[in-house]
Number of protein chains: 2
Amino acid sequence: MSEKEPIPPKIYRRTSLKELAAHLGLSQTTVSRVVNQSPGYLRIAPDTRDRVLAAAAKLNYQANVLAQGLRSKRSQIVSVIVPEISDGYSTSVLSGIEDSLLLGGYFYFVVSHRHRPDLLRDYPSLLLSRAVEGLIAVDTSIDEELPIPVVSVSGHSRHGSIVNIELDHTLAAHQALEHLKKLGHSRIAFIKGQSFSSDTQTRWRAIIRVAGELGIEILPKLTVQLEENGIGVEPGRVATMKLLERNEPFTAIFAFNDHSAMGAIVALREAGRDVPNDVSVVGFDDIPSAATNNPGLTTVRQPLQEMGRVAASTLLQMLRSPEEHQRRSILVLPTFVERNSTALAAAVRKTRTPTLIRSGQ
Amino acid sequence: MSEKEPIPPKIYRRTSLKELAAHLGLSQTTVSRVVNQSPGYLRIAPDTRDRVLAAAAKLNYQANVLAQGLRSKRSQIVSVIVPEISDGYSTSVLSGIEDSLLLGGYFYFVVSHRHRPDLLRDYPSLLLSRAVEGLIAVDTSIDEELPIPVVSVSGHSRHGSIVNIELDHTLAAHQALEHLKKLGHSRIAFIKGQSFSSDTQTRWRAIIRVAGELGIEILPKLTVQLEENGIGVEPGRVATMKLLERNEPFTAIFAFNDHSAMGAIVALREAGRDVPNDVSVVGFDDIPSAATNNPGLTTVRQPLQEMGRVAASTLLQMLRSPEEHQRRSILVLPTFVERNSTALAAAVRKTRTPTLIRSGQ
DNA sequence: ATACTTTGCGCAACCGATTGCGCATAGGAG
DNA sequence: CTCCTATGCGCAATCGGTTGCGCAAAGTAT
């Protein structure tokens, strides 16, 4: 923690307000008012304003954010907490976040908790000590009440003032299940998410409801859950192997996310079943590699970038006007993306022709 | 830029040093010395030290980093600039960076320039105004001399004080080309990188040298370059289509990176050529999706996480002891990863049996 | 000429820490 | 009893901005 030897200053020294003021023969007050257009700005002579601005530009004056923050109690920094930075889901969201945030004059710290309880517990206060003004939690549930605004992406927090950006899971389930139904699948297996994923519960409930509406049966023997550990496609592969061991016939799998769908495809291939001819697989998320996967993954796209954008602009809004009434949650819509991991159920293929189906859609 | 309406403070108010001192009936000086173990610490009575620490713990005192930074001219923040945050390459590096940096007590800002010249030009000064103490550039060349330490990952900057973390491209080229040679490939096509990628030149020169050593011919008609625009696997697909149009026979492709290798596989499949039976494809990087791709990508792995870790710890080192002599570049080693996108050349398959080859390796 | 308003700008305190210097008090030496 | 040296701690300046209040000069009204 402590440094024994003295450490030299490391921040690049730029021209300060004081220097600029001295250069102009004016007070810091006046210069500050001009460059910030702060209250009193209009009472400064136009000539002076121009002189100040010209000099500021020439000397490349840029306010020291640390000093500004100290005085104004605003750091212009927020933080984003994600499960794992090297994963396509989080980074798609981050990409959307970045746009909005930088436009609003904010920078952000990223931290990834990797589902480690100690990190999840300690990060909030560590970030608070860094004076971040707000927090965006991506696919992560925040259990404590924080003294700063929190926006949760894909979160379902019912906590005090947290705003959730969430997908319309009912619509998503409908899109996927109706697609499978149209293709003639009736014995559908389900891969449920890990308990730590904040979407798991919500999505599963939506699936149950929609399956009921569509008359699709959900068989316990055809549902498996992703194991908590494991990285990449591995959990999906393992879950599918367990599924295959049960020896219960099925013609389609609705996976919790694209990673597990890819894992399922790997397991099916290893078991000698072709995708999509023997088994159709539907993923979820539409991460970048879903398109390049072979076969291309049919999946429910979450508008991840948009969710990031919305999260960031919502947070900025909350920072600007804290008192204003905020919606507790904001719904975004999924898009169904049909690629090559789904096909007509074998039983159906015998009775109808593909062209018939196509025109029927 | 400016805010018209007054904005309330947003930083969570914690107990300040002044309050803590008042609570203890001591001066700020003494309290500060105790909590920081700063010079003079030893001259404070042990009793007092204990009292201060106890009170600090009880009131949950945490120094205001803004004030500390202002005074000490150290923000404890560095920045990482990447081409695009939602891409597997950058995020693998980031994952390594995060570990080292947080351990060193630093947080970081991420910005992505997306190859936009305006962003590349403006980000450095924008970051400097944020008082970042150092910069890590990932696959991005920094053209100006910055007043802060810069470490470049996969960069080949010959600039003043920039430290480069680079792959041993000669070894990498050797691994890939020798693999293809062993499999009996002699007509090998090459997909060169985009001009904006800092690795393009270096790697190509290494390939030329190694190909010469191994007696592999590099035919201009069998080399294509990735187009500058395009996202994901698209550039690789387009480049491979161009290659196919030339009607020059080849049995293997060495792609610039995994993305373009996947694009190549897509294009080959579209052209009716099987990978690996008709054409072998070798990628580069070993991004996460290389393993889940179908066929699994044979590729040269860059130790991206390690490169991130090394970059971060090098930067921390530079911040701690600026005067110390620094190596201008640090070499890391590639690992060859053999998956299913490469196979014996067809011509060879007729004469030897696969088992023979296997045992011969 | 006097009084009041407007225009133009500066004084000085403050945000929350860090740190060189110096002032007391106590104990030991002579 | 005086002088000196530790020992223990505080004063006040400083980092680089922001802002409530106020002062002087110029302009306007009477």
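The chains referred to below are lettered A, B, ... by the order of the sequence lines, with proteins before strands, and numbering in each begins at 1.
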A/Gln68 vs B/Ala67, nearer the 5' end of DNA chain D by closest nucleotide
B/Ala67
Residue whose nearest DNA chain D nucleotide is more 5′ - B/Thr29 or A/Gln62:
B/Thr29
Pick base, sugar-phosphate or nothing for A/Ile44, based on heavy-atom distances below 4.0 Å to the nucleic acid.
sugar-phosphate
Indicate, with a heavy-atom threshold strictly under 4.0 Å, whether B/Tyr41 touches base, sugar-phosphate, or nothing.
nothing
To the nearest Å, how far apart are [X] [atom1] and [N] [atom2]?
| X | N | atom1 | atom2 | result |
| --- | --- | --- | --- | --- |
| A/Leu66 | C/dT18 | CG | C1' | 14 Å |
| B/Gln76 | C/dT18 | CD | P | 11 Å |
| B/Leu20 | C/dT18 | CG | C1' | 15 Å |
| A/Asn36 | D/dT19 | CG | P | 8 Å |
| B/Glu19 | C/dA17 | CD | C1' | 13 Å |
| A/Arg49 | C/dC9 | CZ | C1' | 13 Å |
| B/Lys73 | C/dA17 | NZ | C1' | 14 Å |
| A/Leu17 | D/dC15 | CG | C1' | 13 Å |

Given [N], is OP1 or OP2 found less than 4.0 Å from the side-chain N or O atoms of [X]?
| X | N | result |
| --- | --- | --- |
| A/Thr30 | C/dG10 | yes |
| A/Ser16 | D/dC15 | no |
| A/Ser32 | D/dT18 | yes |
| A/Tyr61 | D/dG16 | no |

Check: B/Arg33 side chain, D/dG10 base, donor-acceptor under 3.5 Å
yes
A/Phe107 versus B/Leu127, closest heavy-atom pair with distance:
CE2-CD2, 3.4 Å
Kindly determine whether B/Asp99 and A/Arg114 satisfy salt bridge (Lys or Arg N to Asp or Glu O under 4.0 Å), including the steps that lead there.
CA-CA 12 Å; B/Asp99 289 339; A/Arg114 296 162 191 189; 3.0 Å; yes
Which nucleotide wins on minimum distance to the side chain of B/Leu26, given the candidates D/dT19, D/dG10, C/dG16?
D/dG10
Side-chain atoms of A/Ser27 come closest, of C/dA17, C/dG10, D/dC9, to C/dG10
Is it true that the NZ or CZ of A/Arg49 lies under 6.0 Å from the centre of A/Tyr41's six-membered ring and within 45 degrees of the ring axis?
yes
Hydrogens and angles aside, do A/Asp199 and A/Ser154 bring a side-chain donor and acceptor to less than 3.5 Å of each other?
yes
Determine, using ring centers only, whether B/Phe109 and A/Phe109 are less than 6.0 Å apart.
yes
